[in-house]
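One structure below.
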Amino acid sequence: MSATEQTSKQSETVRKHKEFLFPAVAMYYQEPLALVRGEGEYVWDDAGNKYLDCFGGVLTVSVGHANPKVTEAIIEQVRTIQHTSTLYANKPQSDLAEKLYQITPGKLKKSFFTNSGTEADDTAIHAAKLATGRHEIVVLRHSYSGRSATSLSAVGHSTWRPLPPQVAGIVHARAPYCYRCPFKLTYPECGLACAEDIEELIMTSTTGEIAAFMAEPILGVGGFIVPPEGYFERAAEITRKHGGLLIADEVQTAWGRTGDKWFGIEHWNVEPDIITSAKGLGNGVPVGITVATSEVADKFPGLTFSTFGGNPVSMAAALAVIRVIEDEDLRTNAATVGAYFRQRLEELKDKYTVIGDVRGMGLMQALELVKDRETKEPAPQAVSQVFEETKRRGVLIGKGGLYGNVIRTGVMLNSTKDTIDELIEALDASFAVA
Ligand SMILES: Cc1ncc(COP(=O)(O)O)c(C=O)c1O
């Protein structure tokens with residue numbers, strides 16, 4: 001059955017979700033989907049409808065649903081030994097740590113494994129505080145870092161924050177959001193005012209000495225906001241001048257997603273002291289990583305422990321994902337297919353005035369929708385309409401941005417130009433009627 005033939009009968013799974021889960025666990029679509037199966041780039045719902053998955057559960061299914069090589073590694077590991085805790089060494093954990101040392105930039109060497117991006121960011125912030133003896137952290141407005149007390153305090157969206165910041169000493173700098181420049185300036189005449197703002201922020205809102213500046217190389221939940229050339233260099237310079245470390249939150253931007261490089265930060269000509277990641281590394285298996293330089297990691301005192309961190313099954317899955325990315329040269333694929341995708345999105349922008357901005361890198365591409373290209377008034381309703389229309393055409397996409405007016409995509413790293421054509425066709429038809 002095709003997506004257009006789907007019945008409007010409410011799924012029993014969706015009904016139970018609505019009745020028994022916290023209502024805040026919101027689902028996409030007027031008639032939410034219950035997904036039951038995934039294979040490669042496609043997923044099926046419980047009514048038998050097939051969809052091209054262009055969001056991968058938020059850039060998490062990176063090398064295809066049920067990728068045979070990853071599935072095989074998981075099954076083999078479950079059969080062998082499923083759990084050890086970090087109180088014992090296990091081979092997949094040691095091998096993954098070594099592999100991360102080999103593929104991360106600069107002097108990054110030592111890893112701590114957890115279960116999510118939230119924990120990865122928490123670990124990074126704790127490590128930075130412990131290594132520097134300082135306690136203040138600069139983060140970005142429009143950023144997202146998770147749900148714990150610490151990472152929620154760092155989040156730069158009121159929409160994702162049910163409580164005020166619970167952890168003191170986290171201050172938010174202006175985002176390098178050129179399309180909506182917070183200083184109403186234009187690059188490059190702006191002189192990177194957003195980066196300079198970090199110094200003003202440190203001088204006015206902290207003790208003058210910080211533990212770290214933590215930023216996403218591309219602000220993901222914020223709507224794939226790509227900083228301008230030179231931003232990270234200047235931000236790193238200011239950070240180090242005030243005693244801080246540079247933390248790159250690569251939860252969305254790692255594993256080749258941005259094209260050619262393993263990590264998004266590698267595009268920006270700076271060396272981070274800590275990298276965090278999660279999502280795409282496990283292809284759906286829960287995993288979080290915090291990789292630091294020896295100087296930083298060695299200063300983490302006393303004992304630390306994570307029951308499921310370094311779990312051999314997650315580690316085996318992660319190793320298999322990295323192997324697939326290497327063997328199939330998916331970093332290059334993300335750059336090549338990403339460039340084609342970008343060109344097709346720009347064509348859509350020429351056709352539909354509701355598209356105010358096309359941005360992203362590699363296979364991390366987004367469209368910001370506006371009611372008027374001059375005023376740039378956000379158009380979240382247009383996103384909702386395009387969402388419903390693309391779903392009717394059997395294609396799943398994502399959304400984001402502070403105003404809910406950004407369409408985000410996260411096609412698999414092994415997608416082809418055919419995938420892009422299928423997605424563009426659905427978007428084109430949807431914009432035409434939305
Ligand atoms: C950049 C970034 N950091 C951290 C997180 C938190 O990750 P998790 O949901 O795995 O806790 C996310 C989640 O979307 C993210 O996008």
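The basis for the numbers below is simple: all heavy atoms, side chains too, and nothing from hydrogens, waters or symmetry mates. One-based numbering, in listed order, for ligands and for the atoms of each.
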### Neighbouring residues of ligand 1, heavy-atom cut-off under 4.0 Å
Ser116, Gly117, Thr118, Asp121, Tyr144, Ser145, Gly146, Glu216, Val221, Asp249, Val251, Gln252, Lys279
### Message
Using side-chain heavy atoms (C-beta onward) and a distance below 4.5 Å, is Glu196 in contact with Arg234?
### Response
yes
#### Entry: ring pair (Phe, Tyr, Trp, His ring centres under 6.0 Å) pairs, two or more places apart, involving residues 22-42
Tyr28-Phe387, Tyr29-Phe387
### Task
Could you tell me whether Arg174 sits above the aromatic face of Phe183, with NZ or CZ closer than 6.0 angstrom to the six-membered ring centre and within 45 degrees of the axis?
yes
### Query
Which residues satisfy the side chain to side chain donor-acceptor pair (under 3.5 Å) test with Asn414, sequence neighbours excluded?
none
### Message
Less than 6.0 angstrom separating the ring centers of Phe232 and His267, yes or no?
### Response
no
### Message
Going by the rule side chain to side chain donor-acceptor pair (under 3.5 Å), which residues pair with Arg141 if we only count those two or more places apart in sequence or in a different chain?
### Response
none
